[in-house]
Amino acid sequence: MRKFTDPILAWYETHARDLPWRSPDATPWGVLVSEIMLQQTPVVRVLPVWHAWLERWPAPADLAAEPSGEAVRAWGRLGYPRRALRLHAAAQAIVERHGGEVPDSHADLLDLPGIGSYTAAAVASFAFRQRHAVLDTNVRRVLARMIDGVEFPPKSQTRAEVATAETLLPVDPPTAARWSVAIMELGALVCTARSPRCVDCPVLDRCEWQARGRPAYDGPPRRGQTYAGTDRQCRGRLLAVLRDAHGPVAKPALDVVWSDAVQRERALDGLIADGLVDPVADGLYALPS
DNA sequence: AATCCGTGGCA
DNA sequence: TTGCCAAGGAT
């Protein structure tokens, strides 16, 4: 397997981006925050929010002491604001269960709100230099191409993918951790979803997809997630009003951002049910306290 | 297992 | 212009 790992590890040494959560100064909390923010959100959009977040809340206890609505507001326009709520809940859980220190075990990380198998493996690897198979969208794509010779991985993660990732994982934990970030970086910078830069690939001569002539994806069609007109867009607009306001907002200020009353009420109810909005009084709404 | 959940940049 | 996609998780 070193025929794959060695060239990618060497490539990473010279091509890795200088991201703040990879700095030796980064704390486990900083790594955890970055991983939550990076879920489905590009690095360039995360960077400024991450800096502001860590400056304001340098430790889990700092965030845990704040109302959850402050986390939602500081989240800004990163998207999927339930992540902010879960990060706040995770901070509280870290204080209550782990004395305010981010736990270093995969199982304890997995028990935290908003942390699934990927994020638990990522934090254990990147913050604590442990050995875990880290399977994100980048890694899955690299493995699909390099090993299986197909352009894209299956829709949902398979056992075979996990087995492949574990087979490639170097034995030495610190080396495994570096490998995990290296193959992710390769997927992010070179083995990209669209227009991969194969000429810059350190394992081009070992890539099965390349050997087959880079055949186009022929699996089941991707479902296009139309956004315009959805509840998600409506929720986004409603929450933006509350985020940009200083205090509680009266109902009419929410009504103006979406014309379909039925959908608007459904979206608002959903936000309340999710804990993202607090109906503080008759006709008044605010971010949760 | 399939859906839902934001947002913005880009080819 | 618009579909695609970006370090997923919860239900």
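In what follows, chains are A, B, ... by sequence order, proteins preceding strands, each numbered from 1. As a basis for the values below, the full set of heavy atoms in this structure was taken, side chains included, without hydrogen atoms, waters or symmetry mates. None of the values given here were measured: they were computed from a predicted structure.
- Put simply, the side chain of T41(A) and the base of dG8(B) share no donor and acceptor less than 3.5 Å apart.
- R22(A) comes within contact range of at least one nucleobase, with a heavy-atom separation under 4.0 Å.
- Side-chain N/O atoms of R232(A) and base N/O atoms of dT7(B) include no donor-acceptor pair closer than 3.5 Å.
- The aromatic rings of W53(A) and W57(A) lie perpendicular to each other, with more than 60° between the two planes, well past the 30° mark.
- Backbone-only engagement by G116(A) is indicated by non-hydrogen atom pairs under 4.0 Å involving sugar-phosphate atoms exclusively.
- Within the 4.0 angstrom heavy-atom criterion, only backbone atoms of the sugar-phosphate kind lie near A193(A); the bases stay farther away.
- For the pair R214(A) and W209(A), the distance from NZ or CZ to the six-membered ring centre is under 6.0 Å and the angle to the ring normal is within 45 degrees.
- Between I272(A) atom CD1 and dC5(B) atom P there is a gap of 15 Å when expressed in whole angstrom units.
- Rounded to whole Å, the C1' atom of dA2(B) lies 23 Å from the corresponding atom of dA7(C).
- Within the nucleic acid shown, W21(A) comes within 4.0 Å of at least one base atom, counting heavy atoms only.
- Within 4.0 Å of R82(A), counting heavy atoms only, lies at least one base atom of the nucleic acid.
- L135(A) comes within 4.0 angstrom of no nucleic acid atom, judged by non-hydrogen atoms across all strands.
- On the P atoms, dC5(B) is 23 Å away from dT2(C), given to the nearest whole Å.
- If you find the closest nucleotide of DNA chain B to R235(A) and to R194(A), the one lying nearer the 5' end belongs to R235(A).
- Across all strands, S34(A) comes closer than 4.0 Å to no nucleic acid atom at all (heavy-atom distances).
- Residue contacts shown for L78(A) include a base, since a base heavy atom lies under 4.0 Å away.
- Of the listed residues (P170(A), S125(A), P173(A)), just one forms a side-chain contact (heavy atoms from CB on, under 4.5 Å) with R131(A), and that residue is P173(A).
- The same atom, P, is picked in dG9(C) and in dG9(B); the two are 25 Å apart, to the nearest Å.
- Across all strands shown, T119(A) has heavy atoms under 4.0 Å from sugar-phosphate atoms exclusively, and none from any base.
- As judged by a 4.0 angstrom heavy-atom cut-off over every strand, R45(A) is placed among the base-contacting residues.
- Heavy atoms of T137(A) sit under 4.0 angstrom from primed sugar atoms or phosphate atoms, though from no base atom.
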